[in-house]
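Counting from 1, the numbers follow the sequence of the chain as shown. Note that these values count all heavy atoms, side chains included, but never hydrogens, waters or copies made by symmetry.
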Amino acid sequence: MTDFARTKALFHIPKGVIYLDGNSLGPLPLAAKARVAEMLADEWGEHLIRGWNVAGWMVQPRRIGDRIARLIGAAEGTVVMGDTLSIKVFQALAAALDLNPDRKVVLSDSGNFPSDLYMAQGLVDALGRGLSLKVVEPEDVEGAIDESVAALMLTEVDYRTGRLHDMKALTARAHAAGALTVWDLAHSAGALPVDLSSADADFAVGCTYKYLNGGPGAPAFIYVAPRHAEAARPVLSGWMGHEAPFAFDLDYRPGRGIERMRVGTPPVIALAALDAALEAWDGVDMTDLRRASLELSDLFIALVEARCPDLILATTRDRDRRGSQVSFRHPEGYAIMQALIARGVIGDFRAPDAIRFGFTPLYIGEAEVRAAVDILADIMANRLWDTPAYRRKALVT
Ligand SMILES: *Cc1c(COP(=O)(O)O)cnc(C)c1O
C-alpha cells in the first residue's frame, strides 16, 4: 500500500491553505527547493559551462524522460523532455500527419484544451495541402473516425469537466480506420494510471507542472511509439535534435529515436526542479493513487450535493469515465471561487461557469476534503461570494 502520509510530508503547503488546484499547478516539493539551490550553487556556479558534461545537463532531457515514462506505461527511451506542451502538441501532430500523407483531416473534440486546437489549426494552415481540423463533441468522436482522418488528436481528460476518454478503444478504432493518434496527457500523467504501450498510442504529450509538481512553466514531454521512432520526421528541426549537434553540419540529420524530438537548449534549472519533484513518485502505486483519488472525489461530490443545492455537478458520477478533478457549475462561479480562495480553499474557475477542484492524494486526504466543503457550504448558505470585489476578474483565473 502506498504511504500517502509519507508523500504529503514531501510538499510545502502554506499554512491555512487547502490546496485543490494541483491539477493546474502542483505545490512545491521540498526536494525541488533544495535541488535547485544546489544546482545553482554547485553546478552552474562552480562548473560553469563544464556542467553540460560533468553535471549531465546534456542527457537530462532523456534521463528525466525515462522517469516520466514509468508513470505513463512507456518503454525506456521513448520519452524526452523540453519546451512547453503547446510546442509538443505541434511537433507530435506534425509527425503524425507526415506519416499519414494521403489523409486530410485532423480530428479532435470540443473538450480539448484550446491551445491544442489553436496549435493544430496553425499547423494545418501552415502545411496547406488541403488539410483541415475537424472538431466534434466528445461523445461524437468515435462515430467521426473514418477513412479521411489522418490523425486523431485528443486530450484524455477534459480540463473543464474531468471527462475521461477511453484511450485504448479510441486508439484501436483510429487504427482500424488507418488513422494515427496523438494523446495529450496533461490531466492524466500523475492523475491516474496511463498505459501508452497497451493502448498502442502512436504519439503522446503532456506537461509536468500539473499533477507532476514540476513548478510553473516546467518543461513538457513527448512520447513516440517505438515503431515510429526512426520514421517520425521532426518538424522543429533544432540542433539539439540533430544526430550530431556538435559537428555543426550545415545539413540537418535527425537524431536517433526520441532524441530527434529535442529542439533547442534544455531548460536545465527547470529540469533540476522537475527531477527532484519526481522523487515523490518513488514507491507510489498508481492503482492506490487512483483508488484514493476516486474516493476523495466521491466524498466531495456527496458532501457538496448534500450541503450546496445551488451547485450543479458538471463531472460524471461514473468512476470509470472521469479523471481526478470535479467541477460544479454556477452562474456566479467566478465570485464563489474568489470567496473560497479568500478563505484558503484554492481551486480555480474555468469559463463560462465552472468551479474546479483537483484531488491529488499525494498531499490531499479526507480531512482536507471535509474542511473545504465546510467552508464552501458556509459561503453558499450565507452568500459570502456576493460582493463586487469577488467579481473582478484577474489575469489568470
Ligand atoms: C495545461 C494544458 C496545456 C498548456 O500548454 P502550455 O504550452 O504548457 O501552456 C495544453 N494542453 C492541455 C490539454 C492542457 O491541459
Side-chain angles (χ1 to χ4, degrees), residues 35 39-40 42-70 72 74-101 119 122-123 126-127 151 180 182 196-197 201-208 214 217-275 278:
R35 179 76 61 87
M39 190 274 154
L40 294 177
D42 303 344
E43 296 188 11
W44 183 13
E46 297 300 322
H47 297 320
L48 298 165
I49 198 154
R50 296 169 291 187
W52 289 105
N53 290 318
V54 303
W57 298 345
M58 195 61 177
V59 296
Q60 210 182 23
R62 265 286 299 281
R63 187 175 62 71
I64 297 177
D66 282 339
R67 297 191 76 174
I68 303 274
R70 273 174 246 142
I72 56 175
E76 213 158 274
T78 61
V79 175
V80 76
M81 312 304 300
D83 317 296
T84 73
L85 177 51
S86 303
I87 300 290
K88 276 6 215 174
V89 167
F90 187 89
Q91 256 187 321
L93 183 59
L97 293 177
D98 190 62
L99 288 170
N100 214 353
M119 294 307 280
L123 176 63
L127 289 173
L180 294 175
V182 177
L196 290 175
S197 302
D202 298 284
F203 296 88
V205 294
C207 53
T208 60
F221 63 86
I222 183 167
Y223 161 85
V224 179
R227 64 181 172 284
H228 300 309
E230 300 298 334
R233 202 172 60 83
V235 66
L236 301 175
S237 38
W239 71 311
M240 287 290 153
H242 192 280
E243 190 183 22
F246 286 86
F248 297 108
D249 287 343
L250 294 186
D251 295 321
Y252 181 79
R253 277 176 284 121
R256 292 190 43 198
I258 195 68
E259 288 281 345
R260 66 184 58 190
M261 292 299 165
R262 293 176 63 168
V263 182
T265 302
V268 176
I269 301 170
L271 283 166
L274 174 61
D275 197 22
L278 292 173

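Counting heavy atoms from C-beta on, the side chains of Ile68 and Leu278 come closer than 4.5 Å. The shortest side-chain heavy-atom distance between Phe221 and Ile258 does not fall under the 4.5 Å cut-off. Within the 4.5 Å cutoff, no side-chain heavy atoms of Thr84 are placed close to those of Pro219.
Rounding to the nearest 0.5 angstrom, the gap separating the CG atom in Asp42 from the NE2 atom in His47 is 7.0 Å. For the atom pair OG1 (Thr208) and CG (Leu85), the distance works out to 9.5 Å, reported to the nearest 0.5 Å.
Although no hydrogens or angles enter the test, the distance criterion places no donor-acceptor pair under 3.5 Å between the side chain of His242 and the main chain of Pro254. Of the possible donor and acceptor atoms, one in the side chain of Glu230 sits under 3.5 Å from a partner among the backbone N and O of Gly257. At least one donor-acceptor pair under 3.5 Å links the side chain of Arg67 to the backbone N or O of Asp275. Under the 3.5 Å distance criterion, the side-chain polar atoms of Asp66 are matched with a main-chain donor or acceptor of Gly77. Thr78 places no side-chain N or O within donor-acceptor distance of the main-chain N or O of Tyr223, the cut-off being under 3.5 Å.
Residues Tyr252 and Gly241 share a closest heavy-atom pair of OH-O, 3.2 Å. In this structure, Ile64 and Leu271 approach most closely via the heavy-atom pair CD1-O, 3.3 Å. For the pair Ala74 and Val79, the tightest heavy-atom approach, listed with the atom from each and the gap, is CB-CG2, 4.0 Å.
Heavy atoms of other residues, nucleotides or ligands lying less than 6.0 angstrom from CG of Leu48 number more than 12.
The pair Glu259-Arg62 meets the salt-bridge criterion, with a side-chain N (NZ, NE, NH1 or NH2) lying under 4.0 Å from an Asp/Glu carboxylate O.
Ring centers of Phe246 and Trp239: under 6.0 Å apart, within the cut-off.
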